[in-house]
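Each chain gets a letter, A, B and so on, in the order the sequences are listed, and its residues count up from 1.
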Amino acid sequence: MTEISVSIRDGETGTFPQGITAAEALKELVSNKLRKQTVAVLRDGVPVDLSVSLSGDSVLEPVVMNSPAGLEILRHSAAHIMAQAVKRLFGPEVKVAIGPAIDDGFYYDFDREEPFTPEDFERIEKQMAEIVATRRPFVRTEMPVDEAIKFFSERGETYKVELLQDMETETVSFYQQGDFIDLCRGPHIPDTSWLKVFKLLRVAGSYWRGDEKNPMLQRLYGTAFFDKKDLKKYLYRQEEARKRDHRKLGKELRLFTIQDQIGPGLILWQPRGAMLRRLIEDYWKDEHYRNGYELLYTPHIARQDLWRTSGHLDFYGENMYAPMEIDEIKYQLKPMNCPFHIAIYKSNKHSYRELPIRWCELGTVYRYERTGALHGLLRVRGFTQDDAHIFCRPDQLEDEIFNILALNLHILKTFGFDQYDVYLSTRPEKYVGSDEHWQLSTDALKRALEKKGLGYEIDPGEGVFYGPKIDIKIKDQLGRSWQCSTIQVDFNLPERFDMKFTGEDGAGHRPIMIHRALMGSLERFIGVLIEQYAGAFPLWMAPEQARILNITGDQAQYCEAVYSRLRKAGVRVEKDLRNEQLNYKIREAQLIKVPYMLIVGEREKENGTVTVRKRSGENLPPMTPQEFVEMVRSESEEGTGRRMT
RNA sequence: GCCGAUGUAGCUCAGCUGGUAGAGCAACUGAUUCGUAAUCAGUAGGUCAGCGGUUCAAGUCCGCUCAUCGGCUCCA
């Protein structure tokens, strides 16, 4: 009998008869403790089942529970078991589509006439538990593709047949546990009893293969863990995320409101939200001025001809609002600010000495979004971009992009974001401009990223029609990522609008244009900020920094004096002098997350001080109003790196 | 836009199988003048998202529309 050598990566090596299973080899080569933790193995780097029989010399690496790979395998198996349960409960006429593991769990798509209801969840979960209890092994088999097609055709599994028809390999693998068999690459948990902790989460529609021309399937989402505690933690995190939901907090903190009467996707900023936004805008404008930008203002509508010239009608028309006719001329709401900035550029002649020109604007644009896409502040129909356009010479492109990246990261950091994923998107299918232009600008983006020392991923074909772009997705405190910043090179618009600058040689040359937004849109960014800080904004951007609370009416006059003094010093202070108990006032101030409460009783009135209660509940020793002003100033300065009040 | 769920007072939510709306908080009035997360009492407030239908009778059943939520798609 032939012998083979099996070794554990970074571990022992042994000699075994050919055909031994990975599980048997592990029994000899690793500790019992590790073996019991092992879900599957990497054989020469490829994930396979424990039951795989080894035909030649192999290096094995155990995939353990709770490792990302281990969880993925568990969840993938959970998807199979869920499909089995669904088939058992709702009959063989339910067709199965695909059922992968995803970041936080798994899903399986089904084609079934009747909708699944949340009440079905309990039945499915119960059925799953029964399957788990039978300890059915996951058995792998292989067959040629054409045989597999025949197999699934006979069972009416048309989606599986479609998948198989697109496959290029000759044989495919199947996994069977009990009465359920599914097309699957694997690997899987050894048997169903490994699935101890799982929960179905929700049901949602999804198109077959994500294409809206295809039939809508029902997707059941669930999650699974090895340890009950992990599921609890997961559910707790979900709960935390719900608590931070900017739509909920926006209402509670009275920041903004969205009303049917006004229209979906249109934001009404309430005074507190408006103050928050103003502070962010002021900071933004100031920071841009310091970095060599000039501020512009442009209108909300323009003649349709402008949008024809810019190419927006052709490339972006389906996102634009229908034209309105004024004096027999058609006008359209702007979906972007760029053509206006170009028009301003063209209002004068420009020398090469003037470049780069950096113009910024908080420009409010309107874009048609499908109703199903709207979501609080994060996806709206009217929003204000923190837009800028840089007009430069080709030799300045790389430096300009570098400078934008630097400013970008600096501003994000001020808002507490220092983790991000960077993507470089290259030429899409639908595009304008020459290949040479695309190459030149893509290279400039790459070099600037490298110079800034930013790791990035390439997103092939995800560029805008007019040029390649860099997208920065920021990560919030819960680890969720949000697309905000975008930097896009554009060779197209300067061409279309025939933009020029006079070169050293006295001839006309074409500038390059860079579009960029750092926060993306103020609406979205503020939505993300609300979730980032759970509504408890740092002092410098808190709409209300302090609230004066008196204990009895006897201090009202003194409180008024403190109030006007702080207001004059630039502190955003409010007063609550109602005839209510202190506890009641503190509770209200706490719920609306005011950073400082200034408590004034007889003691403070006599000493000319205030007692400061922080949002955390901590009390500071009594201080004079002037001392409080200084404290607010220095803390705000820390937040933004400069004096804000 | 598509699939599913939801829409009752400013907010959070009750209202079983159809019999012409209810609570808590907020608001308002009065009392209470109080030291670190809700003082007590009273008053007022709703074309039950909108439109249409079934019925003697609709918040409740049916249809359409609008909006919201979870996804798909899309994306600043």
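No donor-acceptor pair closer than 3.5 Å links the side chain of A:Arg254 to the backbone N or O of A:Arg272.
Here A:Leu449 contributes atom CG and A:Leu424 contributes atom CG; the two are 6.5 Å apart, rounded to the nearest 0.5 Å.
In a base pair of the Watson-Crick type (N1 to N3 plus N6-O4 or O6-N4) or a G-U wobble (N1-O2 and O6-N3), with each distance short of 3.5 Å, B:U43 is matched with B:A27. In this structure, B:C64 and B:G50 make a Watson-Crick or G-U wobble pair, each of the two defining distances being under 3.5 angstrom. Here B:U36 sits opposite no nucleotide as a Watson-Crick or G-U wobble pair (both hydrogen-bonding atom distances under 3.5 Å).
The shortest distance between the side-chain N/O atoms of A:Thr552 and the OP1/OP2 oxygens of B:C34 is not below 4.0 Å. Between A:Arg247 and B:C69, a side-chain N or O to OP1/OP2 separation shorter than 4.0 Å is present. For the OP1/OP2 pair of B:U6 and a distance below 4.0 Å, the side-chain nitrogens and oxygens of A:Arg202 include no atom meeting the criterion. A close approach under 4.0 Å does occur between a side-chain nitrogen or oxygen of A:Arg613 and OP1 or OP2 of B:A37.
Ring-to-base geometry does not place A:Tyr584 in a stacked arrangement with B:A37 (centre distance under 5.5 Å, plane angle under 30° required).
Here the nucleotide nearest the side chain of A:Arg370, chosen from B:A37, B:A76, B:G1, is B:G1. Of the candidates B:G71, B:C34, B:C74, B:C34 carries the atom nearest the A:Gln581 side chain, counting heavy atoms from C-beta on. Nearest to the side-chain atoms of A:Glu212 among the listed nucleotides B:C75, B:U73, B:A37 stands B:U73. Closest to the side chain of A:Leu582, out of B:A76, B:A67, B:G35, is B:G35. Nearest nucleotide to the A:Glu369 side chain, out of B:G4, B:G1, B:C74: B:C74.
Taking the ring axis of A:Phe225 as reference, the NZ or CZ atom of A:Arg75 stays within 45° of it and closer than 6.0 Å to the ring centre.
With hydrogens and angles left out, the side chain of A:Asn619 and the base of B:U36 share a donor-acceptor pair within 3.5 Å. Judged by distance alone with a 3.5 Å cut-off, a donor-acceptor contact links the side chain of A:Glu604 to the base of B:G35.
You'll find the ring centres of A:Tyr596 and A:Phe628 inside the 6.0 Å limit.
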